[in-house]
2 protein chains.
Amino acid sequence: MTQEETNTEEKILEAAKNVFLKKGMAGSRMQEIADEANINKSLLHYYYRSKEKLFLAVFRFAVKQFIPGIRDIILSEKPIVRKIEMFVDSYIEILFQHPFVPIFIIQEIQRDPDVLSGALMESGVDPQEILQVFYDAIDRGEIRPINPLEIMLNMLSLCIFPFAAKPVMQRVFFDNNEDAYMRFLEKRKKTVTEFMIKAIKP
Amino acid sequence: MTQEETNTEEKILEAAKNVFLKKGMAGSRMQEIADEANINKSLLHYYYRSKEKLFLAVFRFAVKQFIPGIRDIILSEKPIVRKIEMFVDSYIEILFQHPFVPIFIIQEIQRDPDVLSGALMESGVDPQEILQVFYDAIDRGEIRPINPLEIMLNMLSLCIFPFAAKPVMQRVFFDNNEDAYMRFLEKRKKTVTEFMIKAIKP
DNA sequence: GTCTATATGGCGATAGAC
DNA sequence: GTCTATCGCCATATAGAC
């Protein structure tokens with residue numbers, strides 16, 4: 001990216017991200033990754049022993065994109081409304097930078113449900129710790145009584161799904177005008193926050 | 001299903017649904033579909049000329065699953081709140097019957113964005129006609145001023161995403177207990193409706 | 001480290017017997 | 001209509017020169 005003269009191993013990983021994230025494991029070809037990286041196909045095997053190994057490197061990267069920010073925001077010392085606003089805002093921003101990641105993860109986990117476990121353990125996120133924040137907010141009367149899991153899942157749904165379903169939605173509702181759909185998604189930083197807050201206020 | 005002695009062509013289509021919906025076009029093998037149907041591989045080519053043709057038959061089926069019910073409910077003569085309740089309820093019910101369909105459609109449209117157009121035309125759904133219903137409800141003061149597209153997209157997000165992300169959510173929040181997650185999704189017929197209504201009431 | 005050439009296996013598709 | 005056998009291609013992976 002910034003570094004034009006990057007070493008081969010990194011060039012390969014970048015190229016592999018571009019291809020695997022868009023087309024998934026089964027839909028990707030090693031030749032295509034090599035072309036994307038402007039290197040010879042056999043170099044892929046020199047640096048990463050197999051397609052599977054290269055794929056796993058990309059998968060681990062993908063999972064990490066969507067973990068770290070969450071914890072810090074939710075556990076910070078702010079009113080719950082402000083936490084939701086920050087979460088939605090930063091999550092949608094990440095999705096603009098990595099729009100293919102969610103569908104990629106969903107797709108590949110159906111193929112092999114175990115690939116997630118390892119990547120998730122490394123991240124050190126404790127689901128219960130997150131949910132407890134919402135339980136406390138309910139106790140303090142900041143939000144209405146509602147299963148915190150619903151809050152988290154609904155928030156993730158409202159952020160992620162519009163990116164995952166972009167090709168469909170763009171076609172059906174936006175005449176396949178990509179810019180228009182992107183502007184619509186940008187505005188959702190505000191509208192999703194508003195939607196969430198109205199839905200869970202006491 | 002009910003008919004044990006079904007003809008070969010139908011057996012093939014059923015088997016193809018099972019395989020394609022779970023693994024997608026690139027991840028599926030003709031041999032696997034043949035095994036699933038308990039027939040010889042070359043019979044697939046006898047009834048459907050190619051893998052692509054067989055796939056398209058499955059894709060058209062998938063799209064149709066999620067079209068017809070929508071229109072009737074949204075355009076019916078009922079209060080908007082009741083429409084939303086019925087929509088969420090029936091949509092989640094369809095998802096219980098065909099949990100792989102949304103992710104399948106999303107996945108394959110990324111591969112080839114044109115496959116949707118044909119299947120969508122046949123269905124005869126007019127997006128503007130649907131959105132107009134919400135504009136009218138806003139004019140009558142039944143709901144707060146909000147872009148109808150947000151309502152539709154949010155409703156679809158809240159229904160679909162929890163099914164698409166099932167393998168992840170189940171693992172992270174339910175100790176990989178499938179029954180528990182399914183009961184949670186069943187309850188969402190009520191909680192999503194409630195969530196939606198609170199979010200858009202005037 | 002990087003290349004060309006090639007091995008090896010799998011998959012979609014077809015030919016042809018019955 | 002259904003089967004067996006096989007073709008031809010393409011993809012992963014490796015061998016070996018430089």
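To find a chain, count down the sequence lines: A is the first, B the second, and so on, and within it residues start at 1.
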Between [Y] and [X], is there a side-chain heavy-atom distance shorter than 4.5 Å?
X	Y	value
A:I92	A:F96	yes
A:D136	A:Q132	yes
B:F59	B:M25	no

Have a look at B:F104 and tell me which of B:F66, B:F163, B:F61, B:F55 forms a ring pair (Phe, Tyr, Trp, His ring centres under 6.0 Å) with it. B:F55

Just checking A:S42: base, sugar-phosphate only, or nothing, at a heavy-atom cut-off of under 4.0 Å? base

Is A:Y47 touching bases, backbone alone, or none of the nucleic acid, heavy atoms closer than 4.0 Å? sugar-phosphate

Looking at A:D175, I want to see if its CG is surrounded by more than 12 non-hydrogen atoms of other residues, nucleotides or ligands under 6.0 Å. no

Measure from NZ or CZ of B:K166 to the centre of the six-membered ring of B:Y181 and say whether it is under 6.0 Å with the direction within 45° of the ring axis. no

Rounded to whole angstrom units, what separation is found between the CG atom of B:L43 and the P atom of C:dT14? 14 Å

Please determine whether a side-chain nitrogen of the Lys or Arg among B:K11 and B:E14 lies less than 4.0 Å from a carboxylate oxygen of the Asp or Glu. no

By the salt bridge (charged side-chain N to carboxylate O under 4.0 Å, His left out) test, which pairs, at least two apart or in different chains, include something from residues 185-201 of chain A? A:E93-A:K189, A:E186-A:K189, A:R188-B:E150, A:E194-B:R144

Could you name each residue pair satisfying salt bridge (charged side-chain N to carboxylate O under 4.0 Å, His left out) that touches residues 26-45 of chain A, not counting sequence neighbours? A:K23-A:E32

Give the first and the last nucleotide of DNA chain D, reading 5' to 3', that has any atom under 4.0 Å from a heavy atom of chain A. D:dA11 to D:dT14

When the C1' atoms of the five terminal pairs at each end define the local axes, what inter-axis angle does the helix from C:dG1-D:dC18 to C:dC18-D:dG1 show, to 10 degrees? 10°

Distances for protein N or O near nucleotides 9-13 of chain C N or O, under 3.5 Å:
| residue | atom | partner | partner atom | Å |
| --- | --- | --- | --- | --- |
| C:dC11 | OP1 | B:R29 | NE | 3.4 |
| C:dG12 | OP1 | B:K51 | NZ | 3.1 |
| C:dG12 | OP2 | B:M30 | N | 3.0 |
| C:dG12 | N7 | B:K41 | NZ | 3.4 |
| C:dA13 | OP2 | B:H45 | NE2 | 3.1 |
| C:dA13 | OP2 | B:K51 | N | 2.8 |
| C:dA13 | N6 | B:K41 | NZ | 3.3 |

Salt bridge (charged side-chain N to carboxylate O under 4.0 Å, His left out) filter on A:E129, not counting sequence neighbours, yields A:R71

